[in-house]
K.L.:
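First, the structure itself, so that you have it in front of you.
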Protein chains: 2
Amino acid sequence: MRVSTRGQYGLRAMLELALHYAEGPMTLRRVAARQAISESYLEQLLGTLRRAGLVVSVRGVQGGYRLARPPEEIRVGEIIRAVEGPIAPTECVVEGGEPECWRAPHCVSRLLWEKLRDSMLAVLDSTTLADLCAEAEVMTAGARAGVFPHGGRTTSEG
Amino acid sequence: MRVSTRGQYGLRAMLELALHYAEGPMTLRRVAARQAISESYLEQLLGTLRRAGLVVSVRGVQGGYRLARPPEEIRVGEIIRAVEGPIAPTECVVEGGEPECWRAPHCVSRLLWEKLRDSMLAVLDSTTLADLCAEAEVMTAGARAGVFPHGGRTTSEG
DNA sequence: AATATACCCGAGTAAAAAAGTCGGGTTTAA
DNA sequence: TTAAACCCGACTTTTTTACTCGGGTATATT
């Protein structure tokens, strides 16, 4: 029950673009380097994300990628769906899925998978890139103040 | 982000055993037939579940499998863990997992995966086989005297 | 004791998915 | 004109999944 590297890399790349949203387009090369992802593989993913309408690309010399919308308006769920397909623990509970198996009407497990799916969606579709940026902000603020990221304190006096 | 057939079959098999918990051990053959699972594949799974302490087996002529504990005391999460390993959307957030990657301290995505994991655990570890049996009861009550695909009966209740 | 039933188990295999690579093409600022 | 970047489909390798198989062991019954 793992999210693939496509999902993980996709999120990291989008997050990287979100953190530099104010600046112009960011090159594939730079994103790949900062996130330690193979360039050729990331190129695939960014292509997918572009076709899904989540990023826009600028070709040519000063080109690169940027988010198609501000970070507040991009949900993690969208990213995952773009690179991994529908979010569902089983085939039989894909959102808007018609192809119920013959046992669906009396299938108790299916109810469980639905609940699981919904709890996953609750997290993924309620979190935006801006939310994650804010958390990154807190982390780096803590690090700047000499507090290790998993420590409780966010700021320090003086 | 799918649960494998091991997880799905494992749950269905355990649910089958739960529904017949009162009666003696149930044969592999019968479970496989009622849940439409290949016998040899199910045998593997039940072996795993036995080694995990979730079912006990009785060998020989009148043998079969039964739950190691009453349905109230078996959580779905235990079953999934037994047949699929730790429940976590990424390697970096496995419960009790030490091997954090080098980027863990400043990794924002990781926080998200933790939240996702926790929401999954909330569902899987709060649901017992007894809960599912109760839901099955409600379902069959609605369809009482109705048609069952396998002509199955739920309990030995008169 | 023989037998049939039923669990036990490791090894093996085929198919699918995941992960990542490659080479050649197009756009565009300088 | 050139070099920086994106574009894209096809290809390969690796890993995981989903099974199958064949022979072994325990045991109730006859």
Side-chain angles (χ1 to χ4, degrees), chain A residues 1-13 17 23-68 80 82-86 88-91, chain B residues 1-13 17 23-68 80 82-86 88-91:
Chain A
M1 199 137 32
R2 299 284 159 91
V3 24
S4 66
T5 60
R6 292 170 63 86
Q8 297 182 54
Y9 293 173
L11 177 61
R12 298 222 309 260
L17 294 182
E23 317 161 19
M26 199 172 170
T27 67
L28 163 64
R29 179 175 297 265
R30 189 141 165 264
V31 176
R34 291 181 59 100
Q35 289 292 332
I37 304 171
S38 136
E39 283 180 37
S40 41
Y41 194 26
L42 183 57
E43 188 167 41
Q44 268 196 4
L45 298 181
L46 282 170
T48 303
L49 290 166
R50 183 178 52 75
R51 268 171 253 123
L54 293 176
V55 304
V56 294
S57 61
V58 179
R59 299 179 73 162
V61 168
Q62 296 271 324
Y65 294 89
R66 59 187 173 79
L67 299 184
I80 303 300
V83 298
E84 298 212 315
T90 62
E91 193 62 40
Chain B
M1 200 136 35
R2 299 283 158 90
V3 24
S4 66
T5 60
R6 279 204 288 278
Q8 297 182 54
Y9 293 173
L11 176 60
R12 297 223 311 258
L17 294 182
E23 315 160 20
M26 197 170 170
T27 67
L28 163 64
R29 179 176 296 267
R30 189 140 165 265
V31 176
R34 292 182 58 100
Q35 289 292 332
I37 303 172
S38 136
E39 280 179 39
S40 40
Y41 194 27
L42 184 57
E43 189 167 41
Q44 269 196 1
L45 298 181
L46 282 170
T48 302
L49 290 166
R50 182 177 52 76
R51 269 170 252 124
L54 294 176
V55 305
V56 294
S57 61
V58 179
R59 300 179 73 159
V61 167
Q62 297 271 323
Y65 295 89
R66 61 188 171 80
L67 298 185
I80 302 298
V83 298
E84 298 213 315
T90 63
E91 193 63 38

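So you know, we letter chains A, B, ... as the sequences are listed, proteins then strands, and number each from 1. Reckoned from all heavy atoms, side chains included, excluding hydrogens, waters and symmetry mates.
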K.L.:
Examine dA6(C): is either OP1 or OP2 under 4.0 Å from a nitrogen or oxygen in the side chain of T27(B)? Give yes or no.
P.N.:
no
K.L.:
May I ask you to evaluate whether S57(B) reaches the phosphate of dC8(C), defined as a side-chain N or O under 4.0 Å from OP1 or OP2?
P.N.:
yes
K.L.:
Hey, which sits more toward the 5' end of DNA chain C by its nearest nucleotide, L46(B) or V3(A)?
P.N.:
L46(B)
K.L.:
Can you check the E91(A) CD to dA17(C) C1' distance for me, whole Å?
P.N.:
14 Å
K.L.:
May I ask you to check whether over 12 heavy atoms, not counting those of R66(A), lie within 6.0 Å of atom CZ?
P.N.:
no
K.L.:
Rounded at 0.5 Å granularity, tell me how far CG in L11(B) sits from OG1 in T90(A).
P.N.:
10.5 Å
K.L.:
Tell me which nucleotide among dT27(D), dC19(D), dA19(C) gets nearest to the side chain of T5(A).
P.N.:
dA19(C)
K.L.:
With a 4.5 Å cut-off on side-chain heavy atoms, are R51(A) and T48(A) touching?
P.N.:
yes
K.L.:
Specify the separation, in whole Å, of atom CG of L28(A) and atom P of dT21(C).
P.N.:
13 Å
K.L.:
Just the rounded figure in Å: distance from P of dC7(C) to CZ of R59(B).
P.N.:
10 Å
K.L.:
Is any side-chain N or O of E39(A) under 3.5 Å from a base N or O of dT21(C), one able to act as donor and the other as acceptor?
P.N.:
no
K.L.:
Using whole Å, what does the distance between atom P of nucleotide dC7(C) and atom CZ of R66(B) come to?
P.N.:
13 Å
K.L.:
How long is the line joining CG of L42(B) and C1' of dC7(C), in whole Å?
P.N.:
12 Å
K.L.:
Is the distance from OP1 or OP2 of dA19(C) to the nearest side-chain N or O of Y9(A) less than 4.0 Å?
P.N.:
no
K.L.:
Can you identify which nucleotide, out of dT21(C), dC7(C), dA28(D), has its nearest atom closest to the Q44(A) side chain?
P.N.:
dT21(C)
K.L.:
Rounded to the Å, how far apart are R51(A) CZ and dG9(D) C1'?
P.N.:
10 Å
K.L.:
How long is the straight-line distance from CG of L49(A) back to CZ of R6(A), given to the nearest 0.5 Å?
P.N.:
9.0 Å
K.L.:
Expressed as a whole number of angstroms, how long is the span from Y41(B):OH to dT13(C):C1'?
P.N.:
14 Å
K.L.:
Considering non-hydrogen atoms only, spot the tightest contact between E23(A) and R30(A) and give its length.
P.N.:
OE1-NH2, 4.2 Å
K.L.:
E84(B) has an atom CD; how far is it from atom C1' of dA18(D), in whole Å?
P.N.:
13 Å
K.L.:
Start at the 5' end of DNA chain D and walk down; is the nucleotide closest to G64(A) or to S40(A) reached first?
P.N.:
G64(A)
K.L.:
Quick check for you: among dA29(C), dT27(C), dC9(C), whose closest atom lies nearest to any side-chain atom of E43(B)?
P.N.:
dC9(C)
K.L.:
Taking OP1 and OP2 of dA5(D), is either one under 4.0 Å from a side-chain nitrogen or oxygen of Y65(A)?
P.N.:
no
K.L.:
Between R6(A) and R50(B), which has a closest nucleotide on DNA chain C that is more 5'?
P.N.:
R50(B)
K.L.:
By nearest atom, which of the nucleotides dC6(D), dT21(C), dA18(D) is closest to the S4(B) side chain?
P.N.:
dA18(D)
